[in-house]
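Residue numbers start from 1 in every chain, and the chains themselves are labelled A, B, ... in the order their sequence lines are given, proteins ahead of strands.
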Amino acid sequence: MPELPEVETIKNELAPHVIGERILAVTILWDKIVRQPSANEFRRHLVGQEVTGIARRGKYLLFSLKNSEKLLVLHLKMSGSLLLATASTEPPAYTRAILWLDNGNNIFFRDPRKFGRLWLVNEPAEAFGKLGPEPFEEDFTPERLAGLLQGRKAPVKALLLDQDLIAGIGNLYADEALFAAGIYPLRPGASLTADEVRQLHQAIREVLMEGIKNKGASIVNYYRPSGDAGHAHEEFKVAHRRGENCPVCGTTLSYIKVRGRGTYFCPQCQRE
DNA sequence: CCCGGAACCTGAAGGC
DNA sequence: TGCCTTCAGGTTCCGG
């Protein structure tokens, strides 16, 4: 599913079609997609509201409304996408919810695996609790990263995926960042030197920035609101490149599982 | 608190 | 072809 660069792309490309538009109707095709409140209350509160803005926090999207203090919060999880369509377009297969807008730019929330969720909340924390710093905010410094890794025995890759520590990094960009920093994914968090932490900090920002520039990575189930693919995966060095060679040294890339997640790295450039 | 694994879902792809 | 296993970009819950 979308990680930070994909969610950022969706936000950017959705915004001009959605901000200032009124929600004429809400269709929920699978009730459990609405996490809070009930599907009925969710629908009732949103109908007639005007969308005034879209923001991203980590991998969450937040829609603000004109005549309500409440926020519409959304998470796409593994397989969700938001597709824009005109009123005449049929909802694609696996559409779980639809927002009908008064300019005909309806939003289809498509999600084959049914992991995605919607919330209507007074405070963002009701939807996502505690989230770590945004990678591009000023408060995310190398020192802050060092503090987050301090005393942690878990693999550094697992820590990068922990949204309580840093918001927005997912499985693909974690692999890319560790490769760019030359760090073996199973290294305990606390074992990184100050220099390695600095490199990792810079690598995180670089790979995420590159991902945004390329409009996200379309490996499975990621589409931009237009239905187009992103291009970030074409630039990936190791992520999801099983059996291929390291673009730096030519060594065959390794594949292991870290906390159940497929992990790609170069055994030569990222030594134990 | 920290850590690792299972659970939540469905479909596609690969091996035999 | 058919069947079985593995894999897929995430989060949450549960046990140690």
Side-chain angles (χ1 to χ4, degrees), chain A residues 1-10 29-36 56-61 73-82 92-97 109-119 124-132 147-178 185-191 204 207-208 210-212 214-224 229-236 238-243 255-264:
Chain A
M1 106 100 214
E3 306 180 30
L4 187 153
E6 288 73 32
V7 180
E8 179 71 15
T9 300
I10 290 167
L29 296 158
W30 183 64
D31 274 7
K32 280 168 69 178
I33 199 166
V34 181
R35 184 71 190 271
Q36 185 190 324
R56 180 191 58 72
R57 175 79 173 97
K59 302 171 190 171
Y60 292 82
L61 280 177
V73 180
L74 178 157
H75 197 302
L76 296 163
K77 296 282 180 82
M78 294 281 268
S79 64
S81 53
L82 296 179
Y94 311 113
T95 297
R96 309 298 181 195
F109 188 164
R110 180 179 185 270
D111 183 24
R113 290 179 72 179
K114 296 182 171 173
F115 288 154
R117 291 292 182 269
L118 294 162
W119 294 258
E126 291 174 52
F128 47 73
K130 186 182 107 194
L131 278 185
L148 295 169
L149 300 177
Q150 197 173 21
R152 304 294 296 262
K153 289 202 292 196
V156 59
K157 168 153 181 191
L159 298 171
L160 290 181
L161 294 177
D162 185 343
Q163 303 300 296
D164 291 354
L165 296 189
I166 310 164
I169 302 172
N171 201 35
L172 298 176
Y173 293 94
D175 281 358
E176 287 299 300
L178 288 167
L186 288 175
R187 289 270 302 281
S191 76
I204 289 168
V207 300
L208 293 177
E210 194 68 10
I212 294 170
N214 290 310
K215 315 288 187 195
S218 290
I219 291 175
V220 276
N221 282 317
Y222 165 69
Y223 302 97
R224 289 151 60 192
H231 300 284
H233 57 293
E234 296 161 19
E235 308 298 324
F236 282 165
V238 295
H240 222 271
R241 293 197 178 277
R242 189 194 300 237
Y255 175 80
I256 58 172
K257 292 270 188 185
V258 179
R259 282 280 239 287
R261 312 302 303 280
T263 298
Y264 301 83

Classify [X] by what it touches in the nucleic acid, base, sugar-phosphate, or nothing, heavy-atom distance under 4.0 Å.
| X | answer |
| --- | --- |
| A:Gly260 | nothing |
| A:Ser81 | nothing |
| A:Arg96 | nothing |

Expressed in angstrom and rounded to an integer, what is the separation of [X] atom [atom1] from [N] atom [atom2]?
| X | N | atom1 | atom2 | result |
| --- | --- | --- | --- | --- |
| A:Arg117 | C:dT11 | CZ | P | 13 Å |
| A:Arg261 | C:dT6 | CZ | C1' | 15 Å |
| A:Leu74 | C:dT11 | CG | C1' | 15 Å |
| A:Leu165 | B:dC2 | CG | C1' | 11 Å |
| A:Arg241 | C:dA8 | CZ | C1' | 17 Å |
| A:His240 | B:dG14 | NE2 | P | 11 Å |
| A:Met78 | B:dA7 | CE | C1' | 12 Å |
| A:Leu159 | B:dC2 | CG | P | 10 Å |

Is [X] close enough to [N] that one of its side-chain N or O atoms is under 4.0 Å from OP1 or OP2 there?
| X | N | result |
| --- | --- | --- |
| A:Lys257 | B:dG5 | no |
| A:His75 | C:dG10 | no |
| A:Tyr255 | C:dA8 | yes |

The side chain of A:Arg152 lies closest to which of these nucleotides: C:dG10, B:dC2, B:dC9? B:dC2
Out of C:dG10, C:dA8, B:dG11, whichever nucleotide has its closest atom nearest the side chain of A:Tyr94: B:dG11
Is the ring pair A:Phe128/A:Tyr60 parallel, tilted or perpendicular, if the boundaries are 30 and 60 degrees? tilted
Compute whether any side-chain donor of one residue and acceptor of the other, for A:Glu6 and A:Tyr173, lie under 3.5 angstrom apart. yes
When you compare [N] with [M], how far apart are their [atom1] atoms, in angstrom units rounded to a whole number?
| N | M | atom1 | value |
| --- | --- | --- | --- |
| B:dG5 | C:dT6 | P | 16 Å |
| C:dC3 | B:dC9 | P | 25 Å |
| B:dC3 | C:dA8 | C1' | 24 Å |

Is a side-chain donor or acceptor of A:Arg96 paired with a backbone partner of A:Lys114 at a separation under 3.5 angstrom? no
Donor-acceptor check, side chain of A:Glu176 to backbone of A:Ala239, threshold 3.5 angstrom: yes or no? yes
Would you say that A:Gln36 contacts A:Glu126 through its side chain, given a criterion of any heavy-atom pair below 4.5 Å between the two side chains? yes
Pairing partner of B:dC9, by Watson-Crick or G-U wobble and under 3.5 Å for both distances, is none
When you match A:Leu161 and A:Arg113 each to their closest nucleotide on DNA chain C, which lands nearer the 5' end? A:Arg113
